[in-house]
Amino acid sequence: MIVRKLEALFTINTNALQFQRATSELDKLADRAQSVMKGIASLWAVQALHNFVTNTAKAADQIGKTSLYLGVTTDALQELRYAAEKSGVSIDALEDAIKEIQVRAYDAKSGTGEAAQAFKDLELKATNAAGKIREPLDLLYEAADRLKALPHGDRVWMADAIFGDEGSMVLNMLKDGSLGLDAMRNEARALGILLS
């Protein structure tokens with residue numbers, strides 16, 4: 001009887017010892033897995049941060065180049081892009097319109113082309129007091145106010161004449177005139193979406 005009790009006790013102790021060893025090995029495996037997962041998460045976070053910084057730098061560079069090309073500040077360009085997107089106007093249509101109004105202002109200054117007549121009909125001045133072509137935003141704002149006052153059919157023709165082929169596309173953005181543009185630009189600033 002004593003031998004059986006010892007055997008039972010010994011078996012239990014052996015199983016308990018094996019159980020403790022197995023538990024210890026599982027704990028070690030869990031610790032290793034946790035370390036590996038932390039490492040993977042860290043690598044993923046570093047990669048995500050790298051991608052974010054790279055994409056932000058590329059976007060800022062592109063905004064800088066485009067703003068120079070169009071003759072507007074980077075902040076103004078970003079605010080106008082926000083206004084365009086909010087109005088359902090593509091970024092390409094907006095940027096093309098800003099470029100075209102400057103080209104058409106040169107035509108108006110020289111008195112040639114349909115833009116010259118459109119500028120005249122809108123009483124939109126192409127040049128400043130010094131005889132230089134006005135700043136793009138000045139032209140855009142005044143055109144927005146002048147177009148707002150026209151009947152729809154005239155508005156479409158005038159927009160195409162002063163903004164080029166994309167003119168009628170930007171009318172949604174300009175429908176509330178310069179006050180509407182200002183409101184959307186202020187909203188963009190308030191939302192903090194501008195890259196510096």
Side-chain angles (χ1 to χ4, degrees), residues 51-109 114-129 132-196:
N51 290 343
F52 173 76
V53 170
T54 300
N55 291 338
T56 302
K58 285 179 183 176
D61 182 55
Q62 186 60 41
I63 288 168
K65 288 176 181 173
T66 303
S67 70
L68 285 174
Y69 166 72
L70 294 175
V72 297
T73 67
T74 57
D75 285 355
L77 178 60
Q78 292 174 87
E79 293 160 4
L80 290 171
R81 281 180 171 185
Y82 173 81
E85 288 177 344
K86 185 173 180 171
S87 304
V89 175
S90 74
I91 300 298
D92 289 340
L94 165 71
E95 292 174 1
D96 190 52
I98 294 170
K99 175 188 65 96
E100 285 296 326
I101 197 170
Q102 294 174 79
V103 170
R104 307 298 169 112
Y106 275 100
D107 290 346
K109 179 182 177 183
E114 69 179 343
Q117 187 61 46
F119 271 71
K120 183 178 178 182
D121 291 348
L122 281 175
E123 297 178 3
L124 180 62
K125 294 183 180 170
T127 58
N128 60 22
K132 306 259 185 203
I133 298 297
R134 292 173 61 201
E135 293 295 318
L137 286 181
D138 293 341
L139 290 167
L140 181 67
Y141 269 64
E142 187 174 348
D145 287 337
R146 305 287 178 162
L147 288 168
K148 180 182 171 189
L150 296 176
H152 179 72
D154 293 342
R155 195 176 319 142
V156 171
W157 181 86
M158 290 288 188
D160 278 347
I162 62 175
F163 294 117
D165 293 338
E166 301 289 340
S168 58
M169 301 295 281
V170 298
L171 282 176
N172 281 344
M173 188 177 92
L174 304 177
K175 68 181 179 184
D176 294 323
S178 60
L179 293 177
L181 278 175
D182 272 341
M184 289 186 283
R185 290 180 66 193
N186 289 335
E187 188 176 313
R189 283 191 294 273
L191 291 173
I193 62 169
L194 305 183
L195 295 174
S196 57

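In this chain, numbering begins with 1 at the start of the sequence shown.
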message: With heavy-atom distances below 4.5 Å as the criterion, would you say the side chains of Asp96 and Asp92 are in contact?
response: no
message: Within the structure provided, determine whether Tyr106 and Thr127 are in side-chain contact (heavy-atom separation under 4.5 Å).
response: no
field: Note, Thr73 side chain near Leu137 side chain (heavy atom, < 4.5 Å)
entry: no
- line: All heavy atoms of Met173 vs all of Leu80, minimum pair found to be SD-O, 3.9 Å
- request: Please step through side chain to side chain contact (heavy atoms under 4.5 Å, CB included) for the pair Gln78 and Ile193, ending with a clear verdict.
  value: CA-CA 8 Å; Gln78 292 174 87; Ile193 62 169; over 6 Å; no
- prompt: At their closest point, which heavy atom of Asp165 faces which heavy atom of Asp160, and how far apart are they?
  reply: O-OD1, 3.8 Å
task: Please step through salt bridge (Lys or Arg N to Asp or Glu O under 4.0 Å) for the pair Arg81 and Glu85, ending with a clear verdict.
output: CA-CA 6 Å; Arg81 281 180 171 185; Glu85 288 177 344; over 6 Å; no
message: Can you give me the closest heavy-atom contact between Ala93 and Val170, atom names plus distance?
response: O-CG1, 3.8 Å
- request: Flag the pair Glu95 / Tyr69 as yes when at least one side-chain heavy-atom distance between them is below 4.5 Å, and no otherwise.
  value: no
- prompt: If you round to the nearest 0.5 Å, how far is CZ of Phe163 from CG of Leu94?
  reply: 9.5 Å
field: Within residues 172-181 or reaching into it, pairs that qualify as side-chain hydrogen bond (donor to acceptor under 3.5 Å, both in side chains) - sequence neighbours excluded
entry: Asp145-Ser178
task: Could you pull out the closest heavy-atom pair between Ala115 and Ala161, with the gap in Å?
output: CB-O, 3.6 Å
message: Measuring only between side-chain heavy atoms, which start at C-beta, is Arg104 closer than 4.5 Å to Phe119?
response: yes
query: With a 4.5 Å limit on heavy-atom distance, are the side chains of Leu174 and Leu140 in contact?
result: yes
Give the table of side-chain donor-acceptor pairs shorter than 3.5 Å for residues 181-191, with sequence neighbours excluded, one pair per line with atom names and distance.
| from | atom 1 | to | atom 2 | distance (Å) |
| --- | --- | --- | --- | --- |
| Asp182 | OD1 | Tyr141 | OH | 2.6 |
| Arg185 | NE | Glu79 | OE1 | 2.7 |
| Arg185 | NH1 | Tyr141 | OH | 3.0 |
| Arg185 | NH2 | Glu79 | OE1 | 2.7 |
| Asn186 | OD1 | Arg189 | NH2 | 2.0 |
| Asn186 | ND2 | Asp182 | O | 3.2 |
| Glu187 | OE1 | Lys86 | NZ | 2.7 |
| Glu187 | OE2 | Tyr82 | OH | 2.2 |
| Glu187 | OE2 | Lys86 | NZ | 2.8 |
| Arg189 | NH1 | Glu79 | OE1 | 2.9 |
| Arg189 | NH1 | Glu79 | OE2 | 2.8 |

- prompt: Is there a side-chain contact between Leu150 and Met158 (heavy atoms, below 4.5 Å)?
  reply: yes
- request: List the atom of Ser168, the atom of Ala159, and the distance in Å for their closest heavy-atom pair.
  value: N-CB, 4.1 Å
message: Donor-acceptor pair, distance only, cut-off 3.5 Å: does the side chain of Arg134 make one with the backbone of Ala126?
response: no
- prompt: Does Leu139 reach the side chain of Ile162, with side-chain heavy atoms less than 4.5 Å apart?
  reply: no
- prompt: Backbone N or O of Leu70 within a donor-acceptor pair of the Gln102 side chain at under 3.5 Å?
  reply: yes
query: NZ of Lys125: more than 12 outside heavy atoms within 6.0 angstrom?
result: no
